[in-house]
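Each remark here refers to the structure printed beneath this line.
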Amino acid sequence: MELETILKDRSSGQSKIIRMTIELLKKTKRKNERIDICKKVCSAHKAMAGLRWLFKQVVEGKAISEIEAEIEKMDEMCAKNLEKIVEDKVVTTISRSHIVERGLLKAKHVIVLESTPGREGLEMARYLRGRGLLATTFPDSAISYAVRACDIVVVGADAVLENSFINKTGTLPLALTAKHFSKDFYVVSPSYKFAEVEFEESIDLTFSDDMLFELIPSSLVTKFVTERE
């Protein structure tokens with residue numbers, strides 16, 4: 001049942017999917033069973049490069065506790081580096097990235113685009129409000145108002161490729177709107193989400209009714225915020 005929950009999850013961000021997978025791997029002692037779990041999770045969430053990184057660590061036989069500690073350290077440093085950028089600023093974002101929301105806690109005001117069809121942005125706004133922040137939700141159709149009202153735009157990433165990155169549908173219009181209004185556009189991503197060439201070649205982002213991800217050119221990005229900077 002736990003594996004099925006992970007495979008069917010279409011609302012959680014990549015960081016949560018990875019954490020759920022790690023918790024399941026902790027309960028699985030045999031390496032071949034762990035590899036099988038990783039294969040299935042990667043197949044269910046093809047656009048999430050961090051799952052491929054996790055899979056590789058498991059194949060190499062690295063201890064789950066060691067993998068978990070490495071991921072948490074990278075996530076924490078990403079959030080801290082983002083904090084320095086957003087402090088006392090009005091920030092616009094979209095959907096829900098667990099790393100991004102941890103790094104927004106020093107912002108003056110966060111405007112969250114709802115992000116249809118899953119409307120994950122509503123969950124991010126609840127998280128931020130629960131920690132005392134001023135957080136406002138805007139419908140995706142009000143994207144121009146959300147960007148004009150902010151100082152900077154911040155989003156997460158499911159995969160960082162050589163000349164682009166993948167994130168939730170709606171991120172490309174947000175990036176283009178930020179460029180139109182001359183607002184800095186930051187992408188927060190730990191290095192385990194940086195994809196290899198083989199990953200990029202395997203991703204199919206042709207349109208479908210339940211399309212969740214899209215490709216955004218790196219030329220629209222002011223800076224990629226990683227655990228290193």
Side-chain angles (χ1 to χ4, degrees), residues 10-16 47 78-160 163-189 193 205 207-226:
R10 292 296 179 269
S11 61
S12 297
Q14 182 170 185
S15 296
K16 185 175 179 180
C78 274
K80 285 184 177 179
N81 289 334
L82 179 59
E83 276 188 349
K84 301 171 189 174
I85 295 170
V86 306
E87 188 167 5
D88 293 325
K89 289 185 172 66
V90 179
V91 180
T92 289
T93 187
I94 190 171
S95 190
R96 185 181 190 185
S97 162
H98 290 76
I99 299 174
V100 169
E101 66 186 12
R102 287 167 60 180
L104 291 176
L105 298 180
K106 291 187 178 180
K108 179 195 292 186
H109 177 196
V110 180
I111 299 168
V112 190
L113 290 162
E114 290 182 354
S115 187
T116 53
R119 304 180 79 195
E120 299 89 353
L122 301 181
E123 293 301 317
M124 176 181 269
R126 288 191 191 100
Y127 171 91
L128 296 173
R129 289 175 191 141
R131 283 148 185 82
L133 266 79
L134 174 61
T136 307
T137 55
F138 276 38
D140 295 354
S141 58
I143 190 169
S144 64
Y145 292 92
V147 173
R148 278 189 290 183
C150 76
D151 298 313
I152 60 174
V153 178
V154 176
V155 301
D158 286 281
V160 178
N163 298 307
S164 59
F165 73 99
I166 295 171
N167 200 47
K168 179 70 187 291
T169 304
T171 304
L172 178 56
L174 180 57
L176 290 167
T177 306
K179 183 177 179 64
H180 177 75
F181 288 112
S182 301
K183 301 295 176 77
D184 286 340
F185 184 86
Y186 293 91
V187 178
V188 183
S189 175
K193 293 184 182 180
L205 292 175
F207 181 77
S208 62
D209 290 340
D210 61 346
M211 193 69 193
L212 297 177
F213 301 97
E214 64 187 1
L215 203 64
I216 305 95
S218 298
S219 58
L220 296 174
V221 179
T222 302
K223 183 178 181 180
F224 285 95
V225 181
T226 72

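- S95 and V112 get closest at one heavy-atom pair: O-CG1, 3.9 Å.
- The two residues A47 and A159 make their nearest non-hydrogen contact at O-CB, 3.7 Å.
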Would I111 and Y145 count as a side-chain contact (heavy atoms from CB on, under 4.5 Å) here? Give the steps.
CA-CA 10 Å; I111 299 168; Y145 292 92; over 6 Å; no

Mind running side-chain contact (heavy atoms from CB on, under 4.5 Å) on N81 and T226 for me, showing each step along the way?
CA-CA 8 Å; N81 289 334; T226 72; 5.7 Å; no

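- The two residues A178 and V153 have their closest heavy-atom pair at CB-CG2, 3.9 Å.
- Checking side-chain atoms of E214 against main-chain N and O of G170 turns up a donor-acceptor pair under 3.5 Å.
- The two residues L82 and V225 have their closest heavy-atom pair at N-CG1, 4.1 Å.
- Note that CG of L133 and CG of L128 are 5.5 Å apart. Values are rounded to the nearest 0.5 Å.
- In this structure, R126 pairs ionically with E123, as a charged nitrogen and a carboxylate oxygen lie closer than 4.0 Å.
- Put simply, the residue from E101, E120, E114 that forms a salt bridge (charged side-chain N to carboxylate O under 4.0 Å, His left out) with R96 is E101.
- At a threshold of 4.5 Å between non-hydrogen side-chain atoms, the residues V155 and F185 count as touching.
- Between the side chain of S218 and the main chain of S164, a donor-acceptor pair closer than 3.5 Å is present.
- What you find for D88 and K108 is that their closest heavy atoms are O-CE, 3.5 Å.
- Looking only at distances, a side-chain donor or acceptor of D140 sits under 3.5 Å from a matching main-chain atom of T116.
- Just one of R129, M124, R119 meets the side chain to side chain contact (heavy atoms under 4.5 Å, CB included) condition when paired with T137; it is R129.
- Here the side chains of K168 and L113 are not in contact, with every heavy-atom distance at 4.5 Å or above.
- K183 contributes a side-chain N or O that, together with a main-chain N or O of R148, makes up a donor-acceptor pair within less than 3.5 Å.
- Listed for the E83 side chain is no donor-acceptor partner under 3.5 Å among the backbone atoms of L105.
- Around NZ of K89, the count of heavy atoms belonging to other residues, nucleotides or ligands within 6.0 Å exceeds 12.
- Remark: K193 NZ to D158 CG distance equals 6.0 Å, nearest 0.5 Å.
- Atom CD1 of I85 sits about 5.0 Å away from atom OH of Y186, to the nearest 0.5 Å.
- To the nearest 0.5 Å, atom CD1 of residue I94 and atom CG of residue N167 are 8.0 Å apart.
- In this structure, the side chain of R102 does not engage the main chain of H98 through any donor-acceptor pair within 3.5 Å.
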As a quick check of understanding, evaluate side-chain contact (heavy atoms from CB on, under 4.5 Å) for T92 and L174, giving each step before the final call.
CA-CA 9 Å; T92 289; L174 180 57; 4.2 Å; yes

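- Contact of the V91 side chain with the C150 side chain is not registered, since no non-hydrogen atoms from C-beta on lie closer than 4.5 Å.
- Using a 4.5 Å heavy-atom cutoff, the side chains of L176 and L220 are in contact.
- The backbone N or O of L212 sits less than 3.5 Å from a side-chain atom of T169, completing a donor-acceptor pair.
- Counting heavy atoms from C-beta on, the side chains of F165 and T171 come closer than 4.5 Å.
- Between G121 and S115 the shortest heavy-atom distance is N-CB, 4.4 Å.
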